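Below is one structure, written out as structure tokens, with a few remarks after it.
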Amino acid sequence: MKISTALMLALGLVAGSALTVAQTKTQLSIATGGTGGVYYPLGGGFANILSKSLPNTTVTAEVTGGSVDNLKLVGTGKADIGFVQVDATWDAINGLDKFASGKLPIQSLVVMYPNHMHVVSVDGTGISKVEDLKGKRISTGSPGSATEVFAFRVLEAAGIDKDKDVKRERLGAAESVNAVKDKKIDAFFWVGGLPTAAVTDLAATPSTKIKVLDIAHLAEKMNAKYGPLYTSATIPKATYTGMDNDAANITVWNVMAVNANMPEQLAYDLTKAMIEKREDLAQVHKEALNITNAHQTSQKAAAPLHPAAAQYFKDNGLMPA
């Protein structure tokens, strides 16, 4: 009887300990984007880093439509972390455009890297400049993506009506590339880091020569309407096989966004991991090397900085301006 009682007590303690561990296990999700872009591999790499560095925590990267979806998921508590563009973020915190139904409680942790708008076509389509898209079959990005928001603004600045002047599909990067290969569309918009795997794939396709169109001349008009969110930049010709010249394009910054109610310790740990593990993350995609201390400014972030992120930067002498 004494042995049985002791055994039962021991089993009870073990079961209780297991229950405590199970109860304290934290599960986090990162809202990323499509599999053909940069958000998804970076999200997967960051999830792996966090799962190893945060005690009793499992982190997963989720495929999504992109920034707009991610902001809605984070804002409603259905995802913990979102990789998002600042133009969509600005709309989300101010209740504009695709967020006209209400403002979202979004805060930023880290300014990441600049997203480059690609307007991509191929030889044989009759397209050599962005204004040539009029009357063509194009993709403006998947539903729920910041690519779509950005693409509409580029078309508008170029004097092209997105509903009347083009035959428009709503495809992600990988789907757009396949549609170009199958001659179902003539060009597509994609906003992402350099290089983007799907565009690399198209450029490497035999008997295909890509064209990345110049759009930098439209940045001033876009900023005049939507605020100082867009910057003229360059996609170097060495980025993708077959480019004859650098492409004068437009960039917009990415941020790691969370809900304003995220616990301070978790927000601090996430900020620390993204800044201090960026070289590890660069083994997944080299854009992680652009997550630098110099970029941590409120102007680039668009959304308010989470207090714990501000504390991390202050602790390390990196307080954003």
Side-chain angles (χ1 to χ4, degrees), residues 33-34 37 65-69 71-72 84-92 94-101 115-192 196 198-199 202 210-233 235 247-252:
S67 291
V68 174
D69 278 355
L71 287 159
K72 291 178 179 178
V84 298
Q85 285 183 192
V86 298
D87 51 354
T89 304
W90 178 259
D91 288 346
N94 288 289
L96 303 173
D97 203 345
K98 292 182 179 291
F99 304 92
S101 59
N115 256 1
H116 289 257
M117 173 53 85
H118 301 62
V119 187
V120 182
S121 188
V122 294
D123 271 356
T125 59
I127 297 170
S128 59
K129 59 184 184 297
V130 66
E131 290 78 9
D132 293 337
L133 295 178
K134 198 167 186 176
K136 300 295 185 179
R137 304 164 300 168
I138 68 172
S139 169
T140 52
S142 59
S145 69
T147 294
E148 187 174 65
V149 173
F150 201 159
F152 288 173
R153 294 176 182 181
V154 170
L155 289 171
E156 178 186 44
I160 298 173
D161 188 305
K162 64 180 175 63
D163 298 314
K164 297 178 181 178
D165 294 338
V166 293
K167 298 175 182 176
R168 180 162 52 87
E169 301 291 340
R170 305 175 76 193
L171 307 172
E175 294 79 13
S176 292
V177 166
N178 289 334
V180 170
K181 289 179 181 180
D182 295 338
K183 301 186 184 304
K184 293 179 179 178
I185 62 173
D186 303 303
F188 66 91
F189 286 78
W190 164 253
V191 61
T196 289
V199 181
L202 178 63
I210 69 166
K211 294 182 177 181
V212 184
L213 308 183
D214 291 339
I215 57 171
H217 60 288
L218 303 173
E220 185 176 351
K221 186 181 289 188
M222 292 166 63
N223 285 334
K225 181 168 183 178
Y226 297 104
L229 300 168
Y230 302 103
T231 304
S232 300
I235 299 178
N249 76 318
I250 301 173
T251 60
V252 66

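Since this is a predicted model, take the numbers as computed values, not measurements. FYI, the numbering just counts along the sequence from 1.
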Problem - Under the ring pair (Phe, Tyr, Trp, His ring centres under 6.0 Å) test, residues paired with Phe150 that sit two or more places apart - result: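 Once residues adjacent in sequence are excluded, the partners of Phe150 under the ring pair (Phe, Tyr, Trp, His ring centres under 6.0 Å) criterion are Tyr230.
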
Handout entry: Qualifying ring pair (Phe, Tyr, Trp, His ring centres under 6.0 Å) pairs, either residue in residues 122-149, two or more places apart
Key =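 For residues 122-149, and leaving out neighbouring residues, there are no ring pair (Phe, Tyr, Trp, His ring centres under 6.0 Å) pairs at all.
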
Problem - Heavy-atom donor-acceptor pair, Asn249 side chain to Ala216 backbone, under 3.5 Å - result: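 Side chain of Asn249 to backbone of Ala216, a donor-acceptor pair under 3.5 Å: no, none is there.
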
4.5 Å side-chain heavy-atom contact, [X] and [Y]:
X: Val68; Y: Asp97; answer: no
X: Leu71; Y: Phe99; answer: yes
X: Val252; Y: Trp90; answer: no
X: Leu229; Y: Gln85; answer: no
X: Leu155; Y: Ile138; answer: yes

Quick one: closest heavy-atom pair of [X] and [Y], and the distance?
X: Val199; Y: His118; answer: CG2-CD2, 4.3 Å
X: His116; Y: Ile235; answer: ND1-CG1, 3.9 Å
X: Gly37; Y: Trp190; answer: CA-CZ2, 3.4 Å
X: Ala146; Y: Val191; answer: C-CG1, 4.3 Å

Pairwise distance [atom1]([X]) to [atom2]([Y]) - rounded to 0.5 angstrom:
X: Asp165; Y: Lys136; atom1: CG; atom2: NZ; value: 13.5 Å
X: Ile185; Y: Glu169; atom1: CD1; atom2: CD; value: 7.5 Å
X: Leu218; Y: Asn223; atom1: CG; atom2: CG; value: 11.0 Å
X: Thr125; Y: Leu133; atom1: OG1; atom2: CG; value: 8.5 Å

Going by the rule side-chain contact (heavy atoms from CB on, under 4.5 Å), which residues pair with [X] if we only count those two or more places apart in sequence or in a different chain?
X: Ala219; answer: Ser232, Ile250
X: Thr231; answer: Thr251
X: Arg168; answer: Thr140, Glu148, Phe152, Lys162, Asp163, Val166, Arg170

Practice task
Using a strict 4.0 Å threshold on nitrogen-to-oxygen distance, state whether Asp69 and Lys72 make a salt bridge.
Solution key: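 Salt bridge between Asp69 and Lys72, a charged N being under 4.0 Å from a carboxylate O: no.
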
Exercise for the section: Return the set of residues passing salt bridge (charged side-chain N to carboxylate O under 4.0 Å, His left out) with Lys211 (not counting sequence neighbours), or none when no residue passes. Expected result: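 Expected list: Asp123.
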
Problem - Set of residues satisfying salt bridge (charged side-chain N to carboxylate O under 4.0 Å, His left out) with respect to Asp91, sequence neighbours excluded - result: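 Checked Asp91 against salt bridge (charged side-chain N to carboxylate O under 4.0 Å, His left out); matches are Arg153.
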
Exercise for the section: Output, in order, the C-alpha distance, side-chain angles, deciding distance and verdict of side-chain contact (heavy atoms from CB on, under 4.5 Å) for Met222 and Val154. Expected result: CA-CA 7 Å; Met222 292 166 63; Val154 170; 4.0 Å; yes

Practice task
Would you please test Leu202 and Phe188 for side-chain contact (heavy atoms from CB on, under 4.5 Å) and show each step?
Solution key: CA-CA 12 Å; Leu202 178 63; Phe188 66 91; 3.9 Å; yes

Problem - side-chain hydrogen bond (donor to acceptor under 3.5 Å, both in side chains) involving Ser142 - partner list, sequence neighbours excluded - result: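 Partners of Ser142 by the side-chain hydrogen bond (donor to acceptor under 3.5 Å, both in side chains) criterion come out as none, since no residue qualifies.
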
Practice task
May I have all residue pairs that pass salt bridge (Lys or Arg N to Asp or Glu O under 4.0 Å) and include part of residues 214-230, sequence neighbours excluded?
Solution key: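 For residues 214-230, and leaving out neighbouring residues, the salt bridge (Lys or Arg N to Asp or Glu O under 4.0 Å) pairs sorted by first residue read Glu156-Lys225.
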
Problem - Pairwise side-chain hydrogen bond (donor to acceptor under 3.5 Å, both in side chains) hits with a residue in residues 175-186, at least two apart - result: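 Matches after skipping sequence neighbours: Arg137-Asp186, Ser139-Ser176, Lys181-Asp201.
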
